[in-house]
Peer 1: 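Structure incoming, see below.
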Protein chains: 2
Amino acid sequence: MRISARADYAVRAALQLAHARDGRPLKAEAIADAQDIPHKFLEGILNDMRRGGLVLSQRGGNGGYRLAKAPEEISVADVIRVVDGPLVSVRGVRPPELSYTGPAESLLPLWVALRANVRQILDGVSLADVASAELPSRVSALTEDPASWTNP
Amino acid sequence: MRISARADYAVRAALQLAHARDGRPLKAEAIADAQDIPHKFLEGILNDMRRGGLVLSQRGGNGGYRLAKAPEEISVADVIRVVDGPLVSVRGVRPPELSYTGPAESLLPLWVALRANVRQILDGVSLADVASAELPSRVSALTEDPASWTNP
DNA sequence: ATGGATTCCCACCTGTTCGCTAGGGTTCCC
DNA sequence: GGGAACCCTAGCGAACAGGTGGGAATCCAT
């Protein structure tokens with residue numbers, strides 16, 4: 001259950017775009033510098049986001065990238081889906097397409113419940129929420145439990 | 001956010017062991033056959049579970065594997081941690097060891113909340129729960145929402 | 001409008017991990 | 001002793017993480 005580097009970088013880049021939201025676009029290298037991301041790797045990720053309709057790009061003199069929609073209308077899940085495919089998958093396929101037999105039959109509902117849980121978090125948090133440091137109450141309630149911060 | 005093949009296979013093998021829980025151990029190939037898992041690959045996974053103290057192995061004539069503890073006392077999270085390391089990681093490291101700057105600062109609490117959420121599910125479900133098809137109410141409540149089963 | 005300068009865009013190239021296979025060694029029971 | 005099973009190691013193809021280099025397009029200045 002790991003968040004890939006692509007997903008983490010993509011969300012951070014999107015947050016940077018959501019923050020510096022004035023008329024002028026932001027250069028890829030500026031984002032890479034601010035967030036400490038390999039800038040050539042980041043270019044490929046921004047390209048995916050452009051093809052997915054999340055950002056707009058501008059070439060030339062002082063071009064760069066900017067969000068295609070308002071930060072309130074882009075969820076963290078949207079960003080992850082664009083660069084990484086399905087939010088949560090088992091062995092590369094989405095839960096409803098799996099089939100289990102014997103004593104593992106109830107494993108499918110478990111994965112589905114897990115996915116629903118992850119969706120509740122990531123679909124319900126927008127870039128604006130994170131950038132303004134004001135997470136929804138369902139999320140902040142979890143972070144206030146000190147046990148959430150201990151390792152295993 | 002993907003469940004690796006190792007983790008999926010490990011849980012299914014553990015469920016098979018929890019089901020056929022009489023005196024005699026279960027052979028790796030019998031498990032591989034019942035759950036349709038490549039049997040040589042499964043042997044490596046069972047080996048990890050042995051080193052992690054989840055199963056006991058018996059060589060020779062009619063040997064095999066059996067659980068080291070009661071199925072009620074092994075959680076799905078225990079199995080995944082043994083074969084795959086930390087339950088949820090970002091770019092390979094655990095959330096508390098990350099550091100974000102600028103508008104991405106609140107990304108850390110978000111990952112922590114996500115991990116806490118996943119723990120609530122996987123730490124709270126035992127092999128016995130899944131094998132008997134009686135998931136805890138917190139989990140079954142999620143699966144009863146039809147929206148949980150739709151793709152995105 | 002022409003020539004830089006700047007930026008996006010595209011194609012390879014190296015290491016590492018993930019799934020998976022193959023084969024031989026070791027231990028146990030009959 | 002001899003099967004039958006576990007155990008260890010090596011390796012292979014694909015995908016992922018990260019780098020490099022060179023275009024192709026666009027803007028700004030002159």
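Lettering of chains follows the sequences in order, A, B, ..., and the numbering in each one begins at 1.
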Peer 1: A:F41 or A:G61: which one's nearest nucleotide on DNA chain D is closer to the 5' end?
Peer 2: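 So the residue in question is A:F41.
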Peer 1: Under 4.0 angstrom, heavy atoms only, what part of the nucleic acid is B:R51 near: base, sugar-phosphate, or nothing?
Peer 2: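 Since only primed, P, OP1 and OP2 atoms lie under 4.0 Å of B:R51, the category is sugar-phosphate.
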Peer 1: What is the separation between atom NZ on B:K40 and atom C1' on D:dA10, rounded to the nearest whole Å?
Peer 2: 12 Å
Peer 1: Taking syn as any angle within 90 degrees of 0 and anti as the rest, which one fits C:dG25?
Peer 2: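 For C:dG25, whose glycosidic angle is more than 90° from 0, the conformation is anti.
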Peer 1: Please check: side-chain N/O of B:R6 versus main-chain N/O of B:I45, any donor-acceptor pairing under 3.5 Å?
Peer 2: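 No: the side chain of B:R6 does not pair with the backbone of B:I45.
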Peer 1: Between D:dC7 and B:R50, is there an OP1 or OP2 to side-chain N/O distance shorter than 4.0 Å?
Peer 2: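 Yes, such a contact exists.
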Peer 1: From CG of A:N47 over to C1' of D:dA24, roughly how many Å is that when rounded to an integer?
Peer 2: 14 Å
Peer 1: I need the OH-P distance between B:Y9 and C:dC20, as an integer number of Å.
Peer 2: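 One finds 4 Å between P of C:dC20 and OH of B:Y9, rounded.
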Peer 1: So what does A:E29 touch, heavy atoms closer than 4.0 Å: a base, only the sugar-phosphate, or nothing?
Peer 2: nothing
Peer 1: Base, sugar-phosphate or nothing for A:R6? Non-hydrogen atoms, less than 4.0 Å.
Peer 2: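 Answer is sugar-phosphate: A:R6 comes under 4.0 Å of backbone atoms only.
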Peer 1: Using only side-chain N and O atoms of B:N62, determine if any of them is under 4.0 Å from OP1 or OP2 of D:dA4.
Peer 2: no
Peer 1: Whole angstroms only, please: what is the CD1-C1' distance between A:I3 and D:dC16?
Peer 2: 16 Å
Peer 1: Check this one for me: any side-chain N or O of B:S57 less than 4.0 Å away from OP1 or OP2 of D:dA5?
Peer 2: no
Peer 1: Restricting to non-hydrogen atoms, name the atom on A:Y100 and the atom on A:L108 that form the minimum distance, rounded to 0.1 Å.
Peer 2: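 Reported closest heavy-atom pair: CD1-N, 3.7 Å.
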Peer 1: Expressed as a whole number of angstroms, how long is the span from A:R59:CZ to C:dT7:P?
Peer 2: 14 Å
Peer 1: For the residue pair B:L87 and B:R115, establish whether any side-chain heavy-atom pair is separated by less than 4.5 Å.
Peer 2: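 Not touching, per the 4.5 Å side-chain cut-off.
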Peer 1: Contact between A:D129 and A:V76 at the side-chain level, heavy atoms closer than 4.5 Å - yes or no?
Peer 2: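 In short, these two side chains do not touch, never coming nearer than 4.5 Å.
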Peer 1: What integer number of Å spans the P atoms of D:dG18 and C:dA11?
Peer 2: 22 Å
Peer 1: Treating B:Q35 as the side-chain partner and A:T101 as the backbone partner, does any N or O pair qualify as donor plus acceptor under 3.5 Å?
Peer 2: yes
Peer 1: Please state how far atom CG in B:D36 lies from atom P in C:dC20, giving the value in whole angstrom units.
Peer 2: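 So the two atoms are 10 Å apart, to the nearest Å.
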Peer 1: How long is the line joining CD1 of B:I45 and P of C:dG19, in whole Å?
Peer 2: 9 Å
Peer 1: Could you give the distance from OG1 (B:T150) to CZ (A:R119), rounded to the nearest 0.5 Å?
Peer 2: 5.0 Å
Peer 1: Applying the Watson-Crick and G-U wobble criteria at under 3.5 Å, what pairs with D:dG19? Answer none if nothing qualifies.
Peer 2: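 Paired with D:dG19, as far as the under-3.5 Å criterion goes, is no nucleotide at all.
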Peer 1: Indicate, with a heavy-atom threshold strictly under 4.0 Å, whether A:G64 touches base, sugar-phosphate, or nothing.
Peer 2: sugar-phosphate
Peer 1: Which whole-number value in Å describes the distance from A:E43 CD to C:dT7 P?
Peer 2: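 Going from CD in A:E43 over to P in C:dT7 covers 11 Å.
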Peer 1: Closest nucleotide of DNA chain C for B:D84 versus for B:P38: which of these residues is on the 5' side?
Peer 2: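 Closest to the 5' end, via its nearest nucleotide, is B:D84.
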Peer 1: Pairing check on D:dG2: which nucleotide meets the Watson-Crick or G-U wobble criteria with it, both distances under 3.5 Å?
Peer 2: C:dC29
Peer 1: Would you tell me if any nitrogen or oxygen in the side chain of B:Q58 comes within less than 4.0 Å of OP1 or OP2 on C:dC29?
Peer 2: yes
Peer 1: Answer yes or no: does a side-chain N or O of B:K27 lie under 4.0 Å from OP1 or OP2 of D:dA5?
Peer 2: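 Result: yes.
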